[in-house]
Amino acid sequence: MTNSFEQAIAASVAALGTLTESEVLALLAIPQDPSHGDFSLPCFTLAKLLRKAPKAIAENLATQVVLPPGFAKVVPVNGYLNFYIDRAFLMQQVLGEITTKGTQFGHYPRRGERVVIDYSSPNIGKELAFHHIRSTMIGSSLSRIYHAFGYDVVRINHLGDWGTQFGKLITMYLREGLPTDPASLATLEIKDLNQLYASFSKVAKENPELEDEARAAFTRLENGDPFHRTLWTAFKNATLKELDRLYTQMGVVFDHYTGESFFEPQIPAVLAELESKKLLVSSQEREVVLLDDLDLPPCLIRKSDGSTLYATRDLAAALHRMREYQFAKCLYVVDQGQALHFKQVFATLAKMGYDWSNRLVHIPFGLILHLNEEGKWEKGKTRSGHSSLLRDVLEAAKEKIITTIREKNPDLENADSVATQIAVSALAFNDLKNRRLMDVKFDWDAALSFEGATGPYIQNAHVRLCSIGRKAGYVAEASQVDWSFLTDDHSYELVRILTRKSEKIRQACENDEPAILAQYSLEIAEAAHRFIHHNRVLGTEQERSRLFLVQCTQIVLEDVLQLLGVFPIRAM
RNA sequence: GCAGAUGUGGCCAAACUGGAUAAGGCAUCUGGCUACGAACCAGAAGAUUCCAGGUUCGAAUCCUGGCAUCUGCACCA
């Protein structure tokens, strides 16, 4: 949308000579202050070329340039050449396109390339901690953004369902003499597993030999011991039950749950390949791939007891994904603490001769910090009494919202499920609104206040737009619109923002940064709230025109919310 | 020690990737509901963008050198 306007300006300016169209396009900017127009051409680089003052150049250009169709005026200000679009024209163009394309407005054509996104990827046997929301929501949103940008997306939950921690669980389970018959195993719950972990660390503190016992148990599992395998399956099922419940609540989906165990049978082939390519080196009874020439520490492939590590399994996973999906890009949405690990894995693949290793991208993000007693932000522990389990935080947010709903809208149907959706959007938005490398400073009270720049604020804007549509009782058509009714500042501000949707999708995708769309959703919500507040729709002579703008805004906001992985609510 | 991330009003932070007077939110102060949904809107006040140099017509943004905070650095994942 914006493009065609920029093209028109570029063509007009290029027609005067001096600059080519592409040079103009490169210079052209969108002023942040709307009073400076819709597009702006800084003339400073021209100063040297023409040996004239930028101010004079802008003034000169202003008199010479032929105003492209749809533009109202061009004004030179302090070395900038500012172009103003005709408001009614812009409105007509943009709303027309939104009406034909619907929620697909601003999306890109399919490009026939595949992107694999690995996100959430929690450990089996442990409850989802609140910090797991980061990889889960960033990945969920990125998968939607990549799709909107034209890629085919493969969403993978790379479960941590293999490794020494299962040795610990099995060891503790047997030590406590818990029942191992199928019926009892089927009733296992995630809480029980958490309990086992806790008691393991307690006991292991006094009896360090328990660690060896756990390692031995994992080795037996790795060697296919049927009994150990049965326990492992039971642990996994108990965890998946709870994961599924949470993912459903959060609207998070995956195409594949290929955990680490899935790659276990492929490990020998990987080891053999490393061996045959002479990359495996023994060091202190462990086998590693040396990466000294890249200034990286060695990549640890096999422990002294012969069992493998997660780097080994990541190698197998990457090879498998390439074979299976022929990806153009493969994203790992994992916290930045693991940057080194991914560098090592990617470097190892490069050493194995796979030139596609440069299509593997680690998407790092910052920590979730909590306020401690001294008022400092720190990792882990929440302030007195607050749980840090995801399900507890979700529940607390939901309770708070239900209270608000009972106050403000006691007659609301499905109050419970609406509350869940608002709670999810509040937490998701809190997580996505800032650049992903920033640490999320989670203050329980602030996060649950739901005023200002929050998920509920945006949902509320969407609800108000829907509500006006509902009360109107009909759908406005473009043919009924008098475009001159939509040239006031608030309408103009709104449409100006809607125009930029495709640009925002592009930026969010190219930077792997959902925050760009989160900020954008805020911009839309702000402008929508303002428009609604200042421009009465129903019962005015501008009713049909304004309703049309309301409908279009709702469509855009609905899709942007979905791109964030948030369910757009119609009543709250 | 080495590597990476971060540093912007009292607090949280944005900035089209080098453009105009550095957004927005919280907290503070002022005003607006017999409501197209006030989970909102309007207004006030609050900034040496960590420091020092450099590049540029122009720097929060790029370069050099510091400082601070956080994270990671071979048998957990």
Side-chain angles (χ1 to χ4, degrees), chain A residues 27 29-33 36 40 42 44-45 47-48 53-54 77-80 82 121-123 160 162-165 168 215 260 283-288 295-305 307-311 313-314 334-341 343-344 364 366-367 369 376-379 401 404-405 407-409 422 433-435 437-441 443 446 449-461 463-464 466-472 500 503-504 507 511 515-516 519 522-523 526 529-530 532-540 543 546-547 550 571-572:
Chain A
L27 284 173
I30 298 173
Q32 49 186 10
D33 182 348
H36 291 135
S40 180
F44 305 100
T45 44
K48 262 189 187 153
V77 182
N78 292 328
Y80 289 89
N82 295 335
S121 308
N123 284 329
W162 206 245
T164 321
Q165 78 264 27
K168 295 184 183 176
R215 264 193 288 275
E260 295 191 279
S283 155
Q284 303 167 36
E285 294 179 47
R286 297 160 302 183
E287 300 199 72
V288 304
D295 276 327
L296 291 172
C299 185
L300 190 55
I301 300 295
R302 191 144 64 156
K303 298 192 271 187
S304 49
D305 66 359
S307 58
T308 59
L309 290 108
Y310 79 133
R313 300 191 276 275
D314 271 352
V334 183
D335 73 279
Q336 70 163 325
Q338 298 197 46
L340 179 58
H341 162 73
K343 270 188 198 163
Q344 291 172 308
L367 302 165
L369 304 179
K376 280 189 72 179
W377 293 104
E378 67 176 17
K379 194 181 171 180
I401 286 158
T404 311
I405 290 178
E407 262 169 44
K408 311 206 173 205
N409 195 357
I422 298 176
K433 69 177 168 186
N434 296 138
R435 303 189 327 270
L437 277 168
M438 302 289 275
D439 290 335
V440 173
K441 284 150 187 154
D443 175 16
S449 84
F450 308 140
E451 278 174 14
T454 63
Y457 174 89
I458 296 161
Q459 292 285 15
N460 186 225
V463 163
R464 292 177 79 184
C466 290
S467 177
I468 293 172
R470 262 197 311 273
K471 295 215 163 116
R500 306 198 58 190
E503 175 68 8
K504 294 292 183 183
Q507 277 180 36
N511 295 293
I516 288 171
Q519 293 292 335
L522 254 186
E523 280 181 52
E526 265 165 20
H529 275 306
R530 262 198 288 271
I532 292 170
H533 189 266
H534 294 283
N535 293 11
R536 168 95 203 173
V537 177
L538 303 179
T540 63
E543 175 172 315
R546 287 179 175 167
L547 180 59
V550 163
M572 68 193 269

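Values below: every heavy atom of this structure, side chains too, minus hydrogens, waters and symmetry copies. Sequence lines set the chain letters: A, B, ... in the order given, protein chains first and strands last, and positions in each chain run from 1. All values derive from a computational prediction rather than experimental measurement.
Under the Watson-Crick or G-U wobble criterion, with both distances below 3.5 Å, B/A35 is left unpaired in every strand shown. B/G53 is paired with B/C63 under the Watson-Crick or G-U wobble criterion, all donor-acceptor distances under 3.5 Å. A 3.5 Å limit on both hydrogen-bonding distances identifies B/U69 as the Watson-Crick or G-U partner of B/A5. Nucleotide B/A22: unpaired (no Watson-Crick or G-U wobble partner with both distances less than 3.5 Å).
For B/A20, the base has a donor-acceptor partner in the side chain of A/Ser40 [N/O atoms by modelled type, under 3.5 angstrom]. Between the side chain of A/Asn460 and the base of B/A38, no donor-acceptor pair of N or O atoms lies under 3.5 Å.
Using a 4.0 Å heavy-atom distance criterion, A/Asn409 is classed as a base contact. Heavy atoms of A/Arg464 sit under 4.0 angstrom from primed sugar atoms or phosphate atoms, though from no base atom. If you check every strand for non-hydrogen atoms under 4.0 Å, A/Glu285 touches nothing. Among the heavy atoms of the strands lying under 4.0 Å from A/Glu260 are primed sugar atoms or P, OP1, OP2 only; no base atom is included. Residue A/His534 is classed as a sugar-phosphate contact, given heavy-atom separations below 4.0 Å to backbone atoms only. A/Leu522 comes within contact range of no nucleotide atom at all, as no heavy-atom separation falls under 4.0 Å. Residue A/Arg470 is out of contact with every strand shown, counting any heavy-atom pair closer than 4.0 Å. At the heavy-atom level, A/Ser121 lies nowhere under 4.0 Å from the strands shown. Counting non-hydrogen atoms under 4.0 angstrom, A/Pro54 reaches nothing in the nucleic acid. Using a 4.0 Å heavy-atom criterion, one finds that A/Ala515 contacts no nucleic acid atom at all. Counting any heavy atom pair closer than 4.0 Å across all strands shown, A/Leu27 reaches no nucleic acid atom. A/Asn535 comes within 4.0 angstrom of a nucleotide base, judged by non-hydrogen atoms across all strands. Contacts of A/Arg530 with the nucleic acid, taken as non-hydrogen atoms under 4.0 Å apart, involve only primed sugar atoms and P, OP1 or OP2.
Listed candidates were B/A3, B/C36, B/A20. Nearest to the side chain of A/His36 is B/A20. Across B/C57, B/G37, B/C41, the shortest atom-to-atom separation from the side chain of A/Phe44 is found for B/C57. Residue A/Met438 places its side chain closer to B/A13 than to any other of B/C36, B/A13, B/A42. Comparing atom distances between the A/Leu437 side chain and each of B/A5, B/G19, B/A20 picks out B/A5 as nearest. Nearest nucleotide to the A/Leu538 side chain, out of B/C36, B/G37, B/A42: B/C36. Side-chain proximity of A/His529 to B/G37, B/C41, B/A3: nearest is B/C41. Comparing B/A20, B/C41, B/A13 by their nearest atom to the side chain of A/Asn82 picks out B/A20.
When the C1' atom is used for both B/C57 and B/U69, the distance is 37 Å, rounded to whole Å. Nucleotides B/C40 and B/A27 place their P atoms 11 Å apart, quoted to the nearest Å. Comparing B/G58 with B/U21, their P atoms sit 14 Å apart, to the nearest whole Å. Distance noted for atom C1' between B/A20 and B/U61: 16 Å (whole Å). The gap from the C1' atom of B/G18 to that of B/U56 amounts to 9 Å, rounded to the nearest Å.
Using a 4.0 Å cut-off, some side-chain N or O of A/Tyr457 falls inside it from OP1 or OP2 of B/C41. OP1 or OP2 of B/A14 lies within a sub-4.0 Å distance of a side-chain N or O belonging to A/Arg435. Residue A/Lys168 places no side-chain N or O under 4.0 Å from the OP1 or OP2 atom of B/C76. Taking only side-chain nitrogens and oxygens, A/Ser467 comes nearer than 4.0 Å to OP1 or OP2 of B/G37. Side-chain nitrogen and oxygen atoms of A/Arg215 include at least one within less than 4.0 Å of the OP1 or OP2 phosphate oxygen of B/C76. Between A/Trp377 and B/C11 there is no side-chain N or O to OP1 or OP2 distance below 4.0 Å. For A/Lys441, a side-chain nitrogen or oxygen approaches OP1 or OP2 of B/A13 to under 4.0 Å.
Both geometric conditions, a ring-centre gap below 5.5 Å and a plane tilt below 30°, are not fulfilled together for A/Tyr80 over the base of B/G19.
With sequence neighbours excluded, no residue satisfies salt bridge (charged side-chain N to carboxylate O under 4.0 Å, His left out) with A/Arg286. With sequence neighbours excluded, no residue satisfies ring pair (Phe, Tyr, Trp, His ring centres under 6.0 Å) with A/Phe450. In this structure, the salt bridge (charged side-chain N to carboxylate O under 4.0 Å, His left out) partners of A/Arg302, at least two apart in sequence or on a different chain, are A/Glu287. Residues forming a side-chain hydrogen bond (donor to acceptor under 3.5 Å, both in side chains) with A/Arg313 (at least two apart in sequence, or on another chain): A/Glu260, A/Thr308.
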Would you list the protein and nucleotides 16-18 of chain B atom pairs, both N or O, that sit under 3.5 Å from each other?
{"from": "B/C16", "atom 1": "O2", "to": "A/Ile30", "atom 2": "O", "distance (Å)": "3.3"}
{"from": "B/C16", "atom 1": "N3", "to": "A/Ile30", "atom 2": "O", "distance (Å)": "3.0"}
{"from": "B/U17", "atom 1": "O4", "to": "A/Asn511", "atom 2": "OD1", "distance (Å)": "3.1"}

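For A/Arg435 (side chain) and A/Ala515 (main-chain N/O), no donor-acceptor pair under 3.5 Å exists by modelled atom type. Proximity of a side-chain donor or acceptor of A/Asp439 to a complementary backbone N or O of A/Leu367 within less than 3.5 Å is detected.
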| request: Applying side-chain contact (heavy atoms from CB on, under 4.5 Å), run through A/Met572 and A/Asn409 and close with a yes or a no. | output: CA-CA 7 Å; A/Met572 68 193 269; A/Asn409 195 357; 5.9 Å; no
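The aromatic rings of A/Phe44 and A/Tyr80 stand perpendicular to each other, their planes meeting at an angle above 60°, with 30° marking the opposite boundary.
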| message | At under 4.0 Å between heavy atoms, how does the protein contact nucleotides 29-34 of chain B? Give one character per nucleotide, 5' to 3', with B, S or -. | response | ---B--
